[in-house]
Structures are given as C-alpha cells and as structure tokens.
Amino acid sequence: MTDAAPAPKANMGQPVPRVDARAKVTGSAMYASDFALPDVAYAYLVSSSIAKGRIRSFDLKQARALPGVLDILTHETIGDAIKPVKFFTNGGPASNSVVPLGSEEIAYAGQTIAVVLANSYEVARDAAHRVVVDYATDEPAATFGSSGAVDQELATQNKKHDDPKVGDFAAAFAGAPVKVETSYSTPTQHHNPIELFATQCSWNGPRLTVHEPSQNVYGIKNGLAAQLGIEPSLIRVVSPFIGGAFGSKGSLTQRTAIVAIAARKLGRPVKLVPTREQGFTVATYRAETRHAIKLGATRDGKLQALSHEGFEVTSRPDPYAVAGTDASTRMYACPNIASNVTIVRADRSTPGFMRAPAETPYFFALESAMDELAVALAMDPIELRRVNDTMKEPIKGLFFTSRTLMPCFDQAAEAFGWSKRTPQPSSMRDGDWLIGWGCATSAYPTQMAPAAARVSLFPDGTARVETASHEIGTGIYTVTAQTAAERLGLPVEKVSVLLGDTRLPPAPVSGGSISTASVCSVVAQACDAIRSRLSNGATPPVDLVSALRDRGLGAMEEYAEWVPHGAPKNAMQMLYKGAAQPTGGAKLTDRIQFAFGAQFVEVRVNALTREIRVPRIVGAFAAGRIMNTRTARSQYMGGMIWGIGSALHEQTEIDQKAARYVNTNLADYMVPVNADVIDVQVILVAEEDKLVNPLGIKGIGEIGIVGTSAAVANAIYHATGRRLRDLPLRIDSLVAGV
Ligand code: MOS
C-alpha cells in the first residue's frame, strides 16, 4: 500500500486493437455451430411453400425410408410440447407469436412445418426434400395494397404508442408561405449476417445447454424455459462470438424450441444450421414502409408545420412497428406538429429489429423532405438545418442532454469541401459524369438498460470481467477490457473478459446501441468497488495489485448492478428475466437524449447510361465519450457502407401473388462490394455529456446508417434534377420517364 502508485494507463478512448482479433483471424473464436457435441444428430427444416392456409396431411414415407433418418417432427408428432409465449411488444419473449410446430395453420411462407432429424446433415437435407405436403391454400395478402391486407392505427394496437403531436398543424400548414408535400417508400430488407441462424441443443438429464448466436442470452434462456415449461435455472445459453447480428439475433425465434424438443426426443444433441434461404424467414427482417410528409416554413426557412405519417407492414398476429415518428418529430424546432403510424397486416412473418430500426426508414423520408424544402426555399440545406436547430425537442419542450448536430454539419462540410458546391442541379460535371453533392442529418436515441457484472482482481496482476453481454462485432470485449484496465490501473492485456453465457451475471440485449454505455458503466462500478475496498480510506490512486498482495488475499471479487436514469423500479429483476427494456431517447419525462451526426455524399451519375456511383462519403458523428476510436471508426464506416447498400442496392423482392420472397440468397440480394465503396471518411466530433451516464457514453452502433440513404438521394437530385423518393435508387429509377 505504501508503494508509489503507478498512474493508470489512459485506456479508455485509446485506439486499442480488438482484444479478440487474434482469436477471430486464427479461427479459435468459437461460433455456435463450431462447438463439436458428441454423438450429435442433424436437423433440417421443412418450410411452408404457401403463405396462408393449412396443412391437410403429410406424406413422410419416402423421407422416413432414407437410411440414417432418425425422426421427423411435425405438429402431429410433438403435440403441445411447445407452450405459447407472448410477442415481445405484448410483454413476452417471442419475435413471432405463432407457436412453433403448433398446429396445421400456415401464417406465412417459410414457416417451419417439420424438422427432419438424421445421422448426417446430407441425409437430413435429402429427406427434407422428400417430405410431401398436401396444403389447403388460401389467397394471401403480400403487402401494402394487397387484397385482404388490413390497415390499423398503431395507437389502437400498441398501448405504449402515442403519436407525437403539438400545436395546430392543419392551420399552420395551410398558412405557411413555403410548402413541401411528398411521399416516400422503403423496401423489405433482410439482415444476411454471414453467420447463419444456427442452434445446437444438448440435454444432460433435466439440464439443457443451447449454443446459439444471440444478442440476448438471458432472453433466450427465460423465453425458452417458458416454452418448454421448465425452470429457467435448468437452461444455459452459450454465445461467446456472434458472426453478425444487426437485430436479427435479438429475440427468441421459432427454431430454438424445436431443436430443444428434438434433442430431448432423440436423447442426443441436435445441431441445426438453417440455409441462407431459410434464414429469410427463420429470423426477422425490416418491413417495407411508406411515408407522407408535409412541411410548411416561413420564407427564411423556419419550420411552422411538420407532419409525418408512417405506414408499416406487419404480420396478422403481431403489431410490430418501428414508429420512427418518435424521433422524426423531435429533430427540429417547429411549433405545429402532427404524426401518425398505421400498421398494415399481411400474411407475412412478423418483422423485427434491423439496425437503426426506426430511424433508417423514417429519416430517409424526413431528410429527403428537408432537402426538398431547401430547394423550394432556394436555401443551402445546411443552413436550413441551422435555422431549425434547437436545444429543446418541440413536442414536450424537454432539453436535449447535449446536441452537437451543427458542429457535425460544420466539420463534415469542411472536410467534404461543401463550399465549392454550386446549388443548381446538374451544374457540376466531369466529362460524361454528372456530379451531385448531398447531405442529411443522422440521429439515434441514447438508450441504456440495467446491467450486472463481476470483476475479480488477482495478485499476479491480472483481472477478469464477467458479464453476459454479446460480441456482435462491435468490439464489446475490447471496450470492456479497456474500462477495467483503466479503473484497476492495469495494462489492457492483463484483463480477460468473459461474455455471452447465462452462467455470467446478466447484461441487457445487445441492441439499440445500448451495450457500451450499459456494460462499461457496471464494469467501472465493480472496479471502483474493488478500488475503494483496497484503498482503506487512503487517497487514491493506490497500486491495487500491491495492496491485494500486501493483504495476502488470493483474489478480490466484486459484483455490481447498474441501473440507468429513468429505468423502472423492477428493472434489475426484469434483467434477470431477460426482459429489461432500454430506457432513454425520447422516452424519458425529464429530458431527451440523442446522438447526432451529419453525412455528406458525392454521387456521380453517368449522363448517358444513368449508372450511379458513390465515390466518397463523409460522416461526422457526436456520441459523447468514445471508448475506442478504432472500433468506433469501424462501426461508423460499417453503418455508412450499409447505408450505401440500403440507398442503391438492397431490396427483398416479394412475389405479390404468393406472398413469398424471391431473391433469398446473396447472389440476388444485392449488397455493396468493394467496387461500390471508394472513399469513406469518419470524423469523431468531440462531445462531453455527463448527464447520460457518469462515463458520458452514448451509443454508436446504429447511427452510422441513419442519414445515408437521404444524403445519397439528395446528391442524386443535385446531380440530375430528378428527385427519387422510393428506395432502392437504381439505374432504372433514372431511366424511367427519360
Ligand atoms: Mo440493433 S437493430 O440490434 O443492431
């Protein structure tokens, strides 16, 4: 204790290389399907080829006859082994309230209707293709405007939703000197993480172990326990590495219970790796949306009236909606605002989270409309954001904890060279290429959830952090190690981190950009508890390892629980049940908290062929304290590259008659490749916000994609004079009508 204390390394904020990088590139990182279970049997799903109707009968003779087939499970053979659980917006754990193998009813194309179990994957697949199904087929409703699709106001279907509004929109819009009235649409999109939606289950007596890539291991554990009618303490969910998630691995899908039942029935471990095609309906997706926007402004650009109506497709049983009006109505100062969200029930699987679920489609609409307003006003689009910038959100008049939007615009504009832009469409040209420059606002609510962690310090100068958070590629192993290293005064390589296992203290769902703030906060708290126990009243800093040795202790361990501002009283109990709801963003009653960004895009449109290229994109983001500038940059780059794909490439095609997805593979589902992404520049804008949490961390996982699509569309308008309002923006959108 009397040793001179070394100054702790300034670990937080440094560009520390990923602590799991070596494990990932050498192949020692274990993904769910990598775990080799003894005597494993293989499962292959049989998916419904119709979207609506019922199964009259199965003919399983040919499938059963294949040597190596062990069993075929259907609704007829498993009985009521899987109990119904509620959809998550109704307080349950399920991403879809259709009971797995629950009945002969078909609710969507691709629904799992049988599972073949065999001694090898190849036999299971072969047998699955020999299953003959006799369906009674009804005509399905595929999407907006399909016969049989039913429109409902979201507020009548989800009691927690309240359409934001203030003032008298209709009167203000009628009297506004400058108006924009437009509509936009975004298509169905699928996540397509490289790691497929694998599940392995093995029973040891009454105990079940599940290997599944998950953004919420405690959610899987508790939800599955309810489905199987067993104690949650009997289930362990293991998910140390996840090969991409983006929301698709955040909730309990149908497959987990089916594999668990199969393993129990066979008395052997069972492994399921659904195909890429099956992944389109095994997991969730981003539903198609439509938007009607009306903006009214004074001649100097001050918004007087704003209305955003959103329309979102969902399934028959579940009222899923992203309701991005919560954010889009709060971005700019405006005294008169109206909004509404309508859900459209169709014969589809229930949609779900997909990165920046609400803001990505809703900000395409809002930020395109803002650009249209700038054109109508003959005003620079940055200036339009500036005159409507506000420290208070307009609906309830709450103050933002921090709002660094305009510094983001200014820094991005400077780096981009915006001052050289000539505003007239088609006025910038390089040979056959029309050049367009556009920009848009990005924003994402700063949310957090309760978290628990255990930190142990050892006399050999190492430490261990345990918390059931999830490495979905964001770098949570690294920032967690950095936090503990700084708080304990250790080099980062002396800290080991265990994540993704329900044997560890619970962490919240790794979605909604909540993990870094939630997990680093609780890890810092546990470390500080160790420091204060070892300080013994002395003035810190002390050399904690020497203090531990001086006391002759073999280890010092601290468990901590952290609950964010605004969380309900039972938040920690709910966390242990895998059901802690994130709090923050626009949900608080005393303040509003968001991260902000500005994105600038150059497009080049070929004057002859109309080919669209994006040679460069600059994004500036302010999101409080940045824990690791290297992983943060990667996050933002990934978001913006995805944004280029979302703007120009991505679309799940739907067979309108059959309500089936058509391009269910990575050859036909278009995503950007290296040739589509040339120069991506990220600017980390300094921001201090001690209100959001003591460490000052806002989330960064989701915001990178938010403004990209609108910035691309706005740049295409500037290049061509053509306003494209329906994603994706492809060559055919520019050829049509020429
Ligand atoms: Mo978030 S939609 O889980 O990336």
Side-chain angles (χ1 to χ4, degrees), residues 88-89 93 95 186 188-195 197 212-220 239 241-253 279 283-287 289 312 320-324 326-327 350-364 442-449 451 468-476 499-500 507-519 578-585 594-595 597 621 623 631-632 634-643 645-646 650 671 698-706 708-709:
F88 71 87
T89 64
S95 64
T186 67
T188 318
Q189 297 180 340
H190 277 80
H191 308 85
N192 282 303
I194 293 303
E195 183 196 26
F197 299 101
E212 179 173 304
S214 175
Q215 295 171 258
N216 190 6
V217 287
Y218 269 75
I220 301 287
S239 188
F241 288 97
I242 295 102
F246 319 113
S248 65
K249 292 165 180 167
S251 46
L252 184 67
T253 66
T284 59
Y285 63 99
R286 195 199 302 283
T289 69
E312 305 182 29
Y320 183 85
V322 298
D326 277 340
T350 304
F353 306 118
M354 184 161 170
R355 187 154 286 185
E359 290 70 21
T360 298
Y362 279 73
F363 274 55
F364 169 62
S442 298
Y444 194 79
T446 300
Q447 304 178 95
M448 280 147 274
S469 190
H470 318 84
E471 180 56 73
I472 54 177
T474 45
I476 194 78
L499 304 175
V509 57
S510 291
S513 298
I514 71 173
S515 282
T516 298
S518 310
V519 172
Q581 293 295 322
T583 164
F594 269 74
F621 301 93
T631 53
S634 297
Q635 284 281 290
Y636 289 136
M637 284 179 77
M640 289 197 284
I641 290 167
W642 192 355
S646 193
E650 278 193 66
V671 296
K698 293 180 175 179
I700 61 173
E702 317 258 356
I703 191 175
I705 186 177
V706 172
T708 320
S709 291

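Whatever order the structure lists ligands and atoms in, that order sets their numbers, starting from 1.
- Sorted by chain and number, the residues within 4.0 Å of ligand 1 by heavy atom are Gln215, Phe246, Gly247, Phe353, Met354, Arg355, Pro357, Ser510, Gly511, Gly512, Glu702.
- A side-chain donor-acceptor contact under 3.5 Å links His470 to the backbone of Val217.
- In this structure, the side chains of His191 and Thr284 come closer than 4.5 Å at one or more pairs of heavy atoms.
- Tyr444 meets the side chain to side chain donor-acceptor pair (under 3.5 Å) test with no other residue; sequence neighbours excluded.
- The shortest side-chain heavy-atom distance between Tyr636 and Ile700 falls under the 4.5 Å cut-off.
- Side-chain atoms of Arg355 and Thr360, non-hydrogen and from C-beta on, never get closer than 4.5 Å to each other.
- In this pair, Tyr320 and Phe88 present their aromatic rings perpendicular. The plane angle is above 60°, beyond the 30 to 60° band.
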